[in-house]
**Q** 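Below you will find the structure I want to go over with you.
One-based numbering along the sequence shown.
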Amino acid sequence: MGPDLGIGLVWFVSFLFSTTVHEAMHALAAWRLGDPTAYNGGQVTLSPLPHIRREPIGMLVLPLLTSLTQGWAIGWASAPYDPYWAQRYPKRAAIMAAAGPIGNVLIATSALILLRVGLAIGLFIAPDRITFETLVASANATPTFLTILLSVLLVQNVFLGIFNLLPLPPLDGSAVLGAVVPEPFAGKVRQFSSNPMASTLGLLVAWQLFPQLTGPVFLFILRLVHPSLGYN
């Protein structure tokens with residue numbers, strides 16, 4: 001049986017919104033810290049259009065294709081920055097890098113609060129079968145657009161935030177790592193991260209590593225949503 005197209009579209013919309021926020025946070029942090037590159041490119045915005053224009057395959061084509069064929073969205077995006085600014089101000093560059101995952105944390109936290117409030121007032125209940133898309137059900141025990149959207153926003157943004165913070169190039173965690181370790185090692189991290197082969201290797205390792213984390217991370221999400229149900 002193929003994926004539910006309606007749920008796939010929810011994953012796509014969630015991905016588009018979440019990735020836009022992620023990149024806008026990068027652009028905003030860089031602008032406020034002295035690098036106007038992304039600001040001048042129009043990326044300090046919650047409109048997805050400038051981000052799609054920069055990465056049409058990663059922001060639109062691939063996530064839409066995977067949403068409709070696999071039932072979940074995968075893709076990528078990027079915000080431009082001045083590498084000379086990043087080299088001169090590594091700690092500012094680290095804040096810029098961390099700002100994207102922070103955006104995902106803010107979305108996930110908002111979705112979690114709405115889910116918990118809905119459960120507290122009886123608008124939502126724990127479903128008979130829990131999946132990424134059905135952390136809760138409506139009061140009559142069926143999933144609705146709202147329950148699916150909030151569930152996907154929470155799960156997707158927790159996953160996006162953690163994935164991007166893996167300390168591997170070209171992910172955001174690599175830039176954050178380069179600013180918190182001693183300078184001699186930090187210079188080697190930055191030099192390694194700027195190598196295209198290192199970025200390719202880092203992505204391959206990340207894609208092999210991250211699936212091992214999804215189970216424990218999803219269990220953590222369930223405990224946040226339903227702390228009294230004792231998931232283990």
**Q** Taking all heavy atoms of Thr45 and all of Ser47, pick out the closest pair and write down the distance.
**A** OG1-N, 3.0 Å
**Q** Residues two or more places apart in sequence or in another chain: which of them pass ring pair (Phe, Tyr, Trp, His ring centres under 6.0 Å) with Phe218?
**A** Phe132
**Q** Working to the nearest 0.5 Å, report the span between CG of Leu203 and CG of Leu168.
**A** 8.5 Å
**Q** With a 4.5 Å cut-off on side-chain heavy-atom distances among I, L, V, M, F, W and Y, is there a chain of contacts connecting Leu114 to Leu224?
**A**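 Both belong to a single hydrophobic cluster.
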**Q** Run the side chain to side chain contact (heavy atoms under 4.5 Å, CB included) test on Ile107 and Phe17 for me, step by step, so that the C-alpha distance in whole Å, both residues' side-chain angles and the decisive distance to 0.1 Å come before the verdict.
**A** CA-CA 10 Å; Ile107 296 172; Phe17 171 70; 3.7 Å; yes
**Q** Between Leu154 and Ile221, which heavy-atom pair has the shortest distance, and what is it?
**A**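 Taking Leu154 first and Ile221 second, the nearest heavy atoms are CD2-CG2, 3.7 Å.
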**Q** Check the pair Leu46, Val21 against side chain to side chain contact (heavy atoms under 4.5 Å, CB included), reporting the backbone distance first and the verdict last.
**A** CA-CA 6 Å; Leu46 293 180; Val21 171; 3.9 Å; yes
**Q** Go through it in stages, so that I can follow the logic: the residues are His22 and Asp172, the test is side chain to side chain contact (heavy atoms under 4.5 Å, CB included), and I'd like the CA-CA distance, side-chain angles, deciding distance and then a yes or no.
**A** CA-CA 11 Å; His22 182 105; Asp172 298 326; 3.1 Å; yes
**Q** Using only atom types and a distance under 3.5 Å, with no angle test, would you say the side chain of Thr214 pairs donor to acceptor with the backbone of Pro211?
**A** yes
**Q** Shortest non-hydrogen contact from Ala73 to Ser67?
**A** CB-OG, 3.3 Å
**Q** Any donor-acceptor pair under 3.5 Å linking the side-chain atoms of Thr37 with those of Asp82?
**A** no
**Q** For Gln156 versus Ser14, what's the shortest heavy-atom pair and its separation?
**A**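 Minimum heavy-atom separation between Gln156 and Ser14: OE1-OG, 2.5 Å.
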**Q** Is there a path of hydrophobic side-chain contacts, each under 4.5 Å between heavy atoms, that joins Val217 and Phe15?
**A** no
**Q** Run Leu9 and Leu5 through side chain to side chain contact (heavy atoms under 4.5 Å, CB included) and show every step you take.
**A** CA-CA 6 Å; Leu9 286 174; Leu5 295 183; 5.5 Å; no
**Q** Looking only at heavy atoms, which two atoms of Ala99 and Ala29 are closest? And how far apart?
**A**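 Looks like CB-CB, 3.7 Å.
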**Q** Does any part of the side chain of Glu23, heavy atoms only, come nearer than 4.5 Å to the side chain of Pro50, both counted from C-beta?
**A** no
**Q** Given side-chain hydrogen bond (donor to acceptor under 3.5 Å, both in side chains), test Trp11 with Glu133 step by step and report yes or no.
**A** CA-CA 9 Å; Trp11 276 95; Glu133 300 89 8; 3.0 Å; yes
**Q** Would you give the length of the straight line joining atom OG1 of Thr131 to atom CD1 of Ile148, rounded to the nearest 0.5 angstrom?
**A** 8.0 Å
**Q** Determine yes or no for a side-chain-to-main-chain donor-acceptor pair under 3.5 angstrom, with Thr134 supplying the side chain and Pro143 the backbone.
**A** no
**Q** Should we say atom CZ of Phe145 is surrounded by more than 12 heavy atoms from elsewhere, each under 6.0 Å from it?
**A** no
**Q** Could you tell me whether a side-chain N or O of Ser138 sits under 3.5 Å from a main-chain N or O of Thr144, the two making a donor and an acceptor?
**A**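 No.
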**Q** Testing Leu123, Leu153, Leu135 one by one against Leu115 for a side-chain contact (heavy atoms from CB on, under 4.5 Å), which residue passes?
**A** Leu135
**Q** Quick check on side-chain contact (heavy atoms from CB on, under 4.5 Å): which of Thr20, Thr19, Leu60 does Pro48 satisfy it with?
**A**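 Checked Thr20, Thr19, Leu60 against Pro48; only one passes side-chain contact (heavy atoms from CB on, under 4.5 Å): Thr20.
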**Q** How about CG on Asp128, more than 12 heavy atoms from neighbouring residues, nucleotides or ligands closer than 6.0 Å, or not?
**A** no
**Q** Using 0.5 Å steps for rounding, measure from the CD1 atom of Ile74 to the CG atom of Leu65.
**A** 11.0 Å
**Q** Is there a path of hydrophobic side-chain contacts, each under 4.5 Å between heavy atoms of I, L, V, M, F, W or Y residues, that connects Leu146 with Val155?
**A** yes
**Q** In sequence, state the C-alpha distance, the side-chain angles, and the governing distance for Trp207 and Phe163, and then conclude on ring-ring contact (aromatic ring centres under 6.0 Å, His included).
**A** CA-CA 9 Å; Trp207 280 116; Phe163 180 79; 5.1 Å; yes
**Q** Taking the hydrophobic residues Ile, Leu, Val, Met, Phe, Trp and Tyr, and joining any pair whose side-chain heavy atoms are under 4.5 Å apart, which ones share a cluster with Met96?
**A** Leu33, Tyr81, Trp85, Tyr89, Ile95
**Q** Around Arg32, counting heavy atoms of other residues, nucleotides and ligands shown, do more than 12 lie under 6.0 Å from its CZ?
**A**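 It does not: Arg32 CZ has 12 such atoms or fewer within range.
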**Q** Kindly give the heavy-atom pair with the smallest separation between Ala97 and His26, and that separation in Å.
**A** O-CE1, 3.0 Å
**Q** Using links of under 4.5 Å between side-chain heavy atoms of ILVMFWY residues, direct or through other members, which residues join Trp31 in one cluster?
**A** Leu28, Tyr39, Val44
**Q** Regarding Ser78 and Arg54, is there a side-chain donor-to-acceptor distance under 3.5 Å anywhere?
**A**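 Per modelled atom types, Ser78 and Arg54 side chains form a pair under 3.5 Å.
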**Q** Check whether Ile52 and Leu160 end up in the same hydrophobic cluster, where Ile, Leu, Val, Met, Phe, Trp and Tyr are linked by side-chain heavy atoms less than 4.5 Å apart.
**A**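 Ile52 does not cluster with Leu160.
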**Q** I'd like to know if Ile162 and Val105 are part of one continuous hydrophobic network [Ile/Leu/Val/Met/Phe/Trp/Tyr, side-chain heavy atoms within less than 4.5 Å].
**A** no
**Q** How long is the span from the CG atom in Leu165 to the CG atom in Asn104, to the nearest 0.5 Å?
**A**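 Separation between the atoms: 8.5 Å.
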